[in-house]
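In this text the structure is predicted, and so the values were computed from the model without any measurement. What's counted below: heavy atoms across the whole structure, side chains too, no hydrogens, waters or symmetry copies.
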Amino acid sequence: MMTQDRRNGIIIGIFYIVAAASSIIAVVFYQSVLSEEWYMSAVNGFETKVLIGVLNDLLLVVSAVGTAIIMFPYLRHWNEHIALGYLCFRFMEAVFIAIGLVSILGLVQLSMHYEAGSIAGENLQATGFMLQSFHRWTFVLGPNLMLGINTMMYSYLLFRTGLVPKPLAIFGMVTAIMVFISGVLDMFGIVEPASAVKGLTALPVGVYEMSLAVWLIVKGFRRGRLRN
């Protein structure tokens, strides 16, 4: 009979996989409203595609919150303060993603107004640029900086508790530093958002999450050194 811990491990693993898949789909489907001619999205028939991307971002938010809620009871046994910090920063990551999602919906709405001819052209570009900027900065703050902080926290606690193999937890801490640095470099304009350097520094955290997901689905949590 499957134990509650085993079920929780599988659920967390599934959440991580859903988060990875949905984030990739959202980025791909948002291209039309993040381009220079974003206002042509509705005219070119990309409205539905972008809204599917929005649904995937909603799945990403649910997955991020879900992993935090289910993992917190395991992490708090070693250090409740760090575990609570992880929970808060994971929630903050989800909040920034949700704000970016709203900016995408704003771009879609403006594109629909442009198609209907009900918005002044001189105000269109400035408003669209502002919404695109909102999305760009929420991406830097959420899936980069907040992700780096919360990944470091929970990976450290996984290392101390022994709930997963120590090399896997160490890999998580390394990738957390990398994705945080990636966000800082992007923030100060040292690297471009879509550059190869940005991708190479941010990608490893995704590899870590997928590795952790596979471990939890196949093996589950190990008997760690939990303390009350």
Taking all atoms of both residues into account, what is the closest heavy-atom pair of [X] and [Y], and its distance?
{"X": "S211", "Y": "L168", "value": "CB-CD1, 3.9 Å"}
{"X": "A94", "Y": "V65", "value": "CB-CG2, 3.9 Å"}
{"X": "S32", "Y": "V50", "value": "OG-CG2, 3.3 Å"}
{"X": "S41", "Y": "S111", "value": "N-OG, 3.4 Å"}
{"X": "A26", "Y": "G53", "value": "CB-O, 3.5 Å"}
{"X": "V18", "Y": "S63", "value": "CG1-OG, 3.3 Å"}

Quiz item: Under 4.5 Å between any side-chain heavy atoms of L84 and R76, yes or no?
Solution: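 No, too far: nothing below the 4.5 Å cut-off.
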Quiz item: Does the side chain of N8 reach to within under 4.5 Å of the side chain of Y74, using non-hydrogen atoms?
Solution: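 Side-chain contact under 4.5 Å: yes.
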Please check: side-chain N/O of [X] versus main-chain N/O of [Y], any donor-acceptor pairing under 3.5 Å?
{"X": "Q132", "Y": "S35", "value": "yes"}
{"X": "W215", "Y": "G220", "value": "yes"}
{"X": "T138", "Y": "H135", "value": "yes"}
{"X": "S182", "Y": "T201", "value": "no"}
{"X": "R90", "Y": "A64", "value": "yes"}
{"X": "R6", "Y": "F221", "value": "no"}
{"X": "Y154", "Y": "Y86", "value": "no"}

Practice problem: Determine the sole option in I82, N79, L75 for which the side-chain contact (heavy atoms from CB on, under 4.5 Å) test with Y156 is passed. | Solution: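 Option passing the side-chain contact (heavy atoms from CB on, under 4.5 Å) with Y156: I82.
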Practice problem: Begin from the C-alpha positions of Q125 and F129 and carry the test side chain to side chain contact (heavy atoms under 4.5 Å, CB included) through to its verdict. | Solution: CA-CA 6 Å; Q125 289 288 5; F129 180 75; over 6 Å; no
Exercise. Could you check K198 against N144 for side chain to side chain contact (heavy atoms under 4.5 Å, CB included), going step by step and ending with a plain yes or no?
Key: CA-CA 10 Å; K198 176 73 184 292; N144 280 197; 3.0 Å; yes
Practice problem: Could you give me the CA-CA distance, side-chain angles and deciding distance for I181 and M178, then say whether side chain to side chain contact (heavy atoms under 4.5 Å, CB included) is met? | Solution: CA-CA 5 Å; I181 291 174; M178 292 179 68; 5.8 Å; no
Quiz prompt | With R136 via salt bridge (charged side-chain N to carboxylate O under 4.0 Å, His left out) - residues at least two apart | solution =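 Partners of R136 under the salt bridge (charged side-chain N to carboxylate O under 4.0 Å, His left out) test: D186.
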Exercise. Dump the intermediate steps for side chain to side chain contact (heavy atoms under 4.5 Å, CB included) on L110 and L131, then the final yes or no.
Key: CA-CA 10 Å; L110 286 175; L131 290 173; 3.7 Å; yes
Quiz item: Among side-chain atoms of D57 and Y30, is any donor-acceptor pair under 3.5 angstrom?
Solution: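 Y30 and D57 do have a side-chain donor-acceptor pair below 3.5 Å.
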Self-check item: Partner set under ring pair (Phe, Tyr, Trp, His ring centres under 6.0 Å) for Y39, not counting sequence neighbours
Solution: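 Partners of Y39 under the ring pair (Phe, Tyr, Trp, His ring centres under 6.0 Å) test: Y114.
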Quiz item: For the atom pair CD1 (I70) and CZ (R7), what is the distance rounded to the nearest 0.5 Å?
Solution: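 Output value for this atom pair is 11.5 Å.
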